[in-house]
Number of protein chains: 2
Amino acid sequence: MYATAQSSTHRSANPGLAGLASRPAQSWPRRIELLAADTEIYAQGERSGTLYHIEFGAVRVYRLLADGRRQVVAFHLAGETFGFEADRSRSFFAETTVETGLRMMEPGDYDQCAPELMAAALRGMVRAQEHLLVVGRQSAVEKLAVFLLDLAKRQGDNDQIDLPMTRNDIGDYLGMTIETVSRNLSRLRDDGILRLRSSRCIEVLQPERLRKLCQ
Amino acid sequence: MYATAQSSTHRSANPGLAGLASRPAQSWPRRIELLAADTEIYAQGERSGTLYHIEFGAVRVYRLLADGRRQVVAFHLAGETFGFEADRSRSFFAETTVETGLRMMEPGDYDQCAPELMAAALRGMVRAQEHLLVVGRQSAVEKLAVFLLDLAKRQGDNDQIDLPMTRNDIGDYLGMTIETVSRNLSRLRDDGILRLRSSRCIEVLQPERLRKLCQ
DNA sequence: CGCTGAGTTGAAATAGCTCAACTCCTGTGG
DNA sequence: CCACAGGAGTTGAGCTATTTCAACTCAGCG
């Protein structure tokens with residue numbers, strides 16, 4: 001299931017920019033684990049502790065309700081670190097969304113409490129709370145606009161956006177159905193704001209108008 | 001605007017139980033600042049750093065959109081600590097929802113990085129992400145059930161729940177309108193699950209049925 | 001005792017959901 | 001290299017939960 005890798009598709013242009021702090025390279029092991037798309041990294045209830053640094057690819061972190069409804073609480077892209085938990089056991093599931101290269105780190109003890117870990121944890125909290133505003137208080141188009149601009153920024157502010165996840169993932173991240181995602185992307189396309197190069201690649205034609213949609 | 005206090009209404013029965021870790025008493029100053037209801041504690045953009053420990057009362061932490069839509073990202077009750085930020089400046093607003101007693105602490109430097117602060121920050125992140133599931137993926141009744149059970153637990157699992165906030169606050173916390181909050185509370189009352197003793201006090205008549213609603 | 005803000009209830013409007021049909025990739029095997 | 005199968009995405013039509021707008025009640029307070 002694992003293999004050591006040095007190349008893959010879906011590589012992000014700009015590691016280090018993104019959400020959670022990137023860490024000094026020497027503290028991460030050399031070895032990169034290559035995981036296929038849709039591979040489980042950890043599951044709710046498992047013992048927590050291990051942190052992960054994404055070399056390339058993307059990861060969804062999510063939670064489930066009993067009846068299968070799913071909320072993706074975060075996507076993590078190349079250059080980002082994830083796996084922080086408050087407890088000894090995982091509160092969430094983590095899976096790759098595309099072929100992904102990971103470095104793993106056993107932080108020994110959280111109480112060692114490196115400042116960078118603290119910073120990353122705090123950033124994770126703020127990101128989650130900002131996401132709450134989007135999910136709770138914005139309309140479908142607004143949600144998509146925020147999502148796309150966030151992705152664009154994390155990929156180095158190209159007007160070409162790579163979507164390393166399905167419409168289903170996006171829907172479960174933004175709290176809406178796959179059909180609503182699709183319809184509203186089409187709407188943004190019809191308005192001349194986006195061009196849908198392929199289902200996994202979007203070109204932003206009018207960034208200002210997209211930005212205006214975020215409020 | 002401030003005064004030193006030793007008593008107030010809306011005191012929570014069970015400090016220390018709640019969301020963010022309570023800290024060793026000696027690290028907090030003796031002095032309690034008394035704030036009236038709806039008093040600003042800090043605003044978005046202000047310099048961050050200060051942490052707050054709630055002696056009694058309640059606080060809402062929220063974010064605004066340009067057009068005034070509001071998302072309450074967290075309520076904090078007696079015994080809880082709040083004020084963590086990832087940045088040098090505040091990402092959120094914090095206000096009292098009722099008359100509240102606070103102790104303030106300048107943590108000098110976050111990089112000192114006490115393990116308890118790390119733990120509290122991580123719990124904050126997990127709470128926010130769990131809240132995301134509720135806001136993004138649950139129906140109005142389900143949201144209210146989760147909200148009430150959470151409040152009950154934090155108040156010591158009485159079947160009497162004190163609501164130290166308005167319907168507006170609740171709606172902005174759960175991502176719904178004040179009318180939907182009201183209608184669904186009435187519905188739970190009509191179903192015999194709740195008794196609305198007053199607009200700020202709810203008695204849970206059938207906890208199991210309420211729990212079942214959460215999925 | 002009446003005023004005011006909070007909460008409740010009703011009716012109509014609507015954004016997003018559900019169900020269903022259809023298209024379009026993509027990748028696999030002949 | 002092509003054909004075809006299956007999954008992912010799109011589009012349509014009708015439905016429904018929630019919102020919006022409005023009227024009304026109630027509790028607390030000067």
Side-chain angles (χ1 to χ4, degrees), chain A residues 9-10 36-38 60 65 67-71 97-99 134-145 147-148 161-191 194-202 213, chain B residues 9-10 36-38 60 65 67-71 97-99 134-145 147-148 161-191 194-202 213:
Chain A
T9 52
H10 289 294
D38 300 306
R60 63 178 162 251
L65 287 172
D67 62 359
R69 280 176 288 177
R70 186 179 72 155
Q71 176 70 45
T97 61
V98 293
E99 196 178 25
V134 175
V135 171
R137 282 294 178 223
Q138 302 208 237
S139 70
V141 223
E142 290 170 341
K143 287 176 180 179
L144 276 168
F147 173 69
L148 291 174
I161 305 175
D162 196 53
L163 300 177
M165 69 282 288
T166 64
R167 298 287 187 269
N168 226 310
D169 290 329
I170 299 174
D172 285 348
Y173 179 65
L174 297 175
M176 59 209 223
T177 61
I178 176 179
E179 294 96 331
T180 304
V181 173
S182 187
R183 263 186 260 278
N184 283 279
L185 283 178
S186 302
R187 187 178 145 192
L188 290 171
R189 176 201 58 199
D190 296 345
D191 290 354
L194 301 180
R195 181 171 159 233
L196 309 179
R197 300 185 127 266
S198 79
S199 69
R200 294 300 191 93
C201 180
I202 289 177
L213 281 177
Chain B
T9 54
H10 290 295
D38 300 305
R60 61 178 163 253
L65 288 171
D67 62 0
R69 278 176 289 176
R70 186 180 72 155
Q71 176 70 44
T97 61
V98 292
E99 196 178 25
V134 175
V135 170
R137 282 292 175 223
Q138 303 206 238
S139 70
V141 225
E142 291 171 340
K143 287 177 180 179
L144 277 168
F147 173 69
L148 291 174
I161 305 175
D162 197 52
L163 300 176
M165 70 283 287
T166 65
R167 297 289 186 268
N168 227 309
D169 289 328
I170 298 173
D172 285 349
Y173 178 66
L174 296 176
M176 59 208 224
T177 61
I178 175 180
E179 293 95 331
T180 304
V181 173
S182 187
R183 264 186 261 276
N184 283 280
L185 283 179
S186 301
R187 186 179 146 192
L188 290 171
R189 175 201 58 199
D190 296 346
D191 290 352
L194 302 179
R195 180 170 160 235
L196 310 178
R197 300 184 126 267
S198 79
S199 69
R200 293 301 191 92
C201 182
I202 289 177
L213 281 176

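Letters go in sequence order (proteins before strands), and every chain restarts at 1. Keep in mind the model is a prediction, meaning the values are calculated, not measured.
Of the residues A/L196, A/I202, A/V141, the one that meets the side chain to side chain contact (heavy atoms under 4.5 Å, CB included) test with A/L188 is A/V141.
Salt bridge present: A/D169 and A/R70 bring a charged side-chain N and a carboxylate O closer than 4.0 Å. Salt bridge annotation for A/R197-A/D162: absent, with no cationic side-chain nitrogen under 4.0 angstrom from a carboxylate oxygen.
Here the C1' atom of nucleotide D/dG9 and the CG atom of A/L194 are 16 Å apart, to the nearest Å. The nearest whole Å value for the distance from the CG atom in A/L163 to the P atom in D/dG9 is 9 Å. In this structure, the CG atom of A/N168 is 12 Å from the P atom of D/dT10, given to the nearest Å. What separates CG of A/N184 from P of C/dC17 is a distance of 9 Å, to the nearest Å. Residue A/R197 contributes atom CZ, which lies 18 Å from atom P of D/dG9 at whole-angstrom precision. Distance B/R167 CZ to D/dA27 P: 13 Å, rounded to the nearest Å. One atom, CE of A/M176, and another, C1' of D/dT18, lie 17 Å apart when rounded to the nearest Å. What separates CG of A/D67 from P of C/dT18 is a distance of 11 Å, to the nearest Å.
By the 4.5 Å heavy-atom criterion applied to side chains, A/V181 and A/L174 are not counted as neighbours. Contact of the B/V98 side chain with the B/R200 side chain is registered, since non-hydrogen atoms from C-beta on lie closer than 4.5 Å.
A/I178 contributes atom CD1, which lies 10.5 Å from atom CZ of A/R183 (distance to the nearest 0.5 angstrom). Atom-to-atom distance recorded for A/R167:CZ and A/M176:CE is 10.5 Å, nearest 0.5 angstrom. Annotation: the span from B/F147 atom CZ to B/L185 atom CG amounts to 9.0 Å, rounded to 0.5 Å.
Heavy atoms of B/T166 sit under 4.0 angstrom from primed sugar atoms or phosphate atoms, though from no base atom. At the heavy-atom level, B/S139 lies under 4.0 Å from the strands shown only through sugar-phosphate atoms. Using a 4.0 Å heavy-atom criterion, one finds that B/R187 contacts no nucleic acid atom at all.
Distance from the side chain of B/I178 is smallest to C/dT8 among C/dT8, D/dT19, D/dT10. Side-chain atoms of A/R189 lie closest to D/dT11 of the nucleotides D/dG9, D/dT11, D/dT18. Ranking D/dT18, C/dC17, D/dG9 by closeness to the A/T177 side chain, first place goes to C/dC17. Comparing C/dT9, C/dA20, D/dT19 against the side chain of A/E179 picks out C/dA20 as the nearest. Distance from the side chain of A/A140 is smallest to C/dG16 among C/dG16, C/dT8, D/dT11.
For the OP1/OP2 pair of C/dT9 and a distance below 4.0 Å, the side-chain nitrogens and oxygens of B/S186 include at least one atom meeting the criterion. In terms of phosphate contacts, B/T180 brings a side-chain nitrogen or oxygen within less than 4.0 Å of OP1 or OP2 of D/dT19. Contact between the side-chain N/O atoms of B/R200 and the OP1/OP2 oxygens of C/dG7 is found at a separation under 4.0 Å.
Inter-axis angle, ends of the helix from C/dC1-D/dG30 to C/dG30-D/dC1, five pairs per end, rounded to 10 degrees: 30°.
Put simply, the side chain of A/R183 and the base of D/dG9 share no donor and acceptor less than 3.5 Å apart.
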